Amino acid sequence: MSPIDTKPLVTLQEQLAGLVSLKNQLPAWKKIRTVAGCDVSCRKHGKTGYAAIVVLSFPDLKYLARQTAVGPLEFPYIPGLLSFRELPLLLECWQNLEEKPDAVICDAQGFAHPRGMGLASHFGVATGAVTVGCAKTRLTGEFEQPDTERGSRSDLVLNNKKIGEVLRTQDGIKPLFISPGHRIDFRHASELILRVTSIFRLPEPIRAAHRLVNQLRMEHNDR
DNA sequence: GCGACAG
DNA sequence: ATCTTGTCGC
């Protein structure tokens, strides 16, 4: 087992972080037509990854298009280096999408990362898309529990700097960790998540992508 | 050295 | 993330 030299990857992340834009470039709400969700799944000890990007209409959230990719996950899961594991398959999905969505929501952190380079940000810089990081649990940063009502939020802070928001998407349920991926600001990132979340904890685009990758994995026959 | 640690 | 059974609460 040759251990992985993470040093150059960390350096690369630090350089890529300089390319991230936190200025909002999301179209006006009335002009947004599509929002996509992406996800990757794999078997417990398998190297095969199943990725998908699902595009939904906005604001009605109806299925419009999808693209999938299946292939080996060459890189292991290392906290802080998730994009090196999942990005390749997601980029394959992205390039095969005929019509690029107005925004992409990733099932991971964006700016809320030790070096401001979570998967959502890396995906954004690599594609030029407007992206948002939407994680179910915290990677880094400190926060106070937001109020119990849907829409309540609190700041996620790292080294006295805001890196994201802890957002309650339904009354009384565990909040999500939202952060800009690329070309969007904190306020619009959380607002977009709320607008594409119906009656469940997770945004519909993420749910759609999650269902698809799991279906893909179950239909696949190897391990 | 110890604890934390997206998916 | 995945695996995995029952179980607690509304």
Side-chain angles (χ1 to χ4, degrees), chain A residues 3-4 6 9-10 13 16-17 20 37-54 68-93 104-126 131-143 148 156-159 163-167 169-182 189-190 193 199-203 205-223:
Chain A
I4 295 170
T6 60
L9 300 178
V10 167
Q13 288 186 322
L16 290 173
V20 169
C38 60
D39 194 18
V40 177
S41 83
C42 67
R43 285 201 154 99
K44 188 174 186 180
H45 281 94
K47 66 167 186 178
T48 304
Y50 305 82
I53 293 183
V54 178
T68 60
V70 178
L73 293 172
E74 311 285 7
F75 202 81
Y77 168 68
I78 298 175
L81 299 178
L82 177 65
S83 65
F84 295 103
R85 175 178 175 78
E86 302 192 344
L87 191 59
L89 287 177
L90 290 177
L91 289 180
E92 189 176 328
C93 293
V104 181
I105 299 171
C106 297
D107 188 23
Q109 311 289 348
F111 189 67
H113 175 280
R115 296 166 289 283
M117 243 314 125
L119 171 63
S121 295
H122 199 156
F123 182 88
V125 167
T131 62
V132 177
C134 175
K136 297 177 290 300
T137 60
R138 181 199 78 107
L139 170 60
T140 189
E142 307 171 339
F143 65 98
T148 185
L156 179 59
V157 178
L158 178 62
N159 299 324
I163 59 173
E165 293 185 340
V166 184
L167 177 70
T169 56
Q170 300 298 344
D171 293 355
I173 57 90
K174 282 178 48 175
L176 296 178
F177 296 77
I178 312 303
S179 62
H182 185 46
S190 289
I193 293 300
I199 67 172
F200 299 99
R201 180 191 181 214
L202 300 177
I206 289 296
R207 281 167 38 77
H210 200 71
R211 284 195 300 270
L212 181 52
V213 295
N214 283 324
Q215 177 189 322
L216 243 191
R217 179 163 61 85
M218 291 188 286
E219 290 174 348
H220 211 74
N221 275 323
D222 56 81
R223 60 174 74 172

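Numbered from 1 within each chain, the chains take letters A, B, ... in sequence-line order. Please read these numbers as outputs of a predicted model, since none were measured by experiment.
- Using a 4.0 Å heavy-atom distance criterion, A/Leu73 is classed as making no nucleic acid contact.
- Distance A/Met117 CE to B/dA6 C1': 15 Å, rounded to the nearest Å.
- Counting non-hydrogen atoms under 4.0 angstrom, A/Gly133 reaches nothing in the nucleic acid.
- Rounded to whole Å, atom C1' of B/dG7 lies 12 Å from atom CG of A/Leu81.
- Summarising the geometry, the separation between CD1 on A/Ile78 and C1' on C/dA1 is reported as 15 Å, rounded to the nearest angstrom.
- At least one donor-acceptor pair under 3.5 Å links the side chain of A/Arg201 to the backbone N or O of A/Pro175.
- Stacking of A/Arg207 on the aromatic ring of A/Phe200 is recorded, both the 6.0 Å distance cut-off and the 45° axial limit being met.
- Using cut-offs of 30° and 60° for the angle between ring planes, the A/Phe75 and A/Phe84 rings count as tilted.
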Under 3.5 Å, side-chain donor or acceptor atoms of residues 104-111 of chain A against the rest of the protein: list the pairs with distances, not counting sequence neighbours.
residue	atom	partner	partner atom	Å
A/Asp107	OD1	A/Lys136	NZ	3.0
A/Asp107	OD2	A/Lys136	NZ	3.4
A/Gln109	NE2	A/Thr137	O	2.9

Discussion item. Before you tell me yes or no, could you show the steps for A/Leu9 and A/Ile78 under side chain to side chain contact (heavy atoms under 4.5 Å, CB included), namely the whole-Å CA-CA distance, both residues' side-chain angles and the distance that decides it to 0.1 Å?
Written reply: CA-CA 11 Å; A/Leu9 300 178; A/Ile78 298 175; over 6 Å; no
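- We find that NE2 of A/His45 is positioned 12 Å from C1' of C/dA1, with the value rounded to whole Å.
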Practice prompt. Step by step, work out the side chain to side chain contact (heavy atoms under 4.5 Å, CB included) result for A/Glu92 and A/Leu89.
Written response: CA-CA 5 Å; A/Glu92 189 176 328; A/Leu89 287 177; 4.0 Å; yes
Which pairs, protein N/O on one side and nucleotides 1-5 of chain B N/O on the other, fall under 3.5 Å?
residue	atom	partner	partner atom	Å
B/dA4	O3'	A/Arg138	NH2	3.4
B/dC5	OP1	A/Arg138	NE	3.4
B/dC5	OP1	A/Arg138	NH2	2.7

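- Between A/Arg85 and B/dA6 there is no side-chain N or O to OP1 or OP2 distance below 4.0 Å.
- For C/dA1, neither phosphate oxygen OP1 nor OP2 lies less than 4.0 angstrom from any side-chain nitrogen or oxygen of A/Asn214.
- Rounding to whole angstrom units, CG of residue A/Leu89 and P of C/dA1 are separated by 16 Å.
- Across all strands shown, A/Ala108 has heavy atoms under 4.0 Å from base atoms, whether or not it also approaches the sugar-phosphate.
- Of all the heavy atoms in A/Ser121 and A/Val20, the pair that sits closest is CB-CG2, 4.1 Å.
- In this structure, the side chains of A/Ile4 and A/Pro76 come closer than 4.5 Å at one or more pairs of heavy atoms.
- Look at A/Lys44 and you won't find any side-chain N or O under 4.0 angstrom from OP1 or OP2 of C/dT4.
- In DNA chain C, no run of at least 3 Watson-Crick or G-U pairs (N1-N3 plus N6-O4 or O6-N4, or N1-O2 plus O6-N3, all under 3.5 Å) shows up, so the stem list is empty.
- The CZ atom of A/Phe177 sits 10 Å away from the P atom of B/dG7 (whole-angstrom rounding).
- Separating the CG atom of A/Leu82 from the C1' atom of B/dA6 is a distance of 6 Å, rounded to the nearest angstrom.
- To the nearest angstrom, P of C/dT2 lies 10 Å from CE of A/Met218.
- With hydrogens and angles disregarded, no donor-acceptor distance shorter than 3.5 Å links the side chain of A/Glu142 to the backbone of A/Val157.
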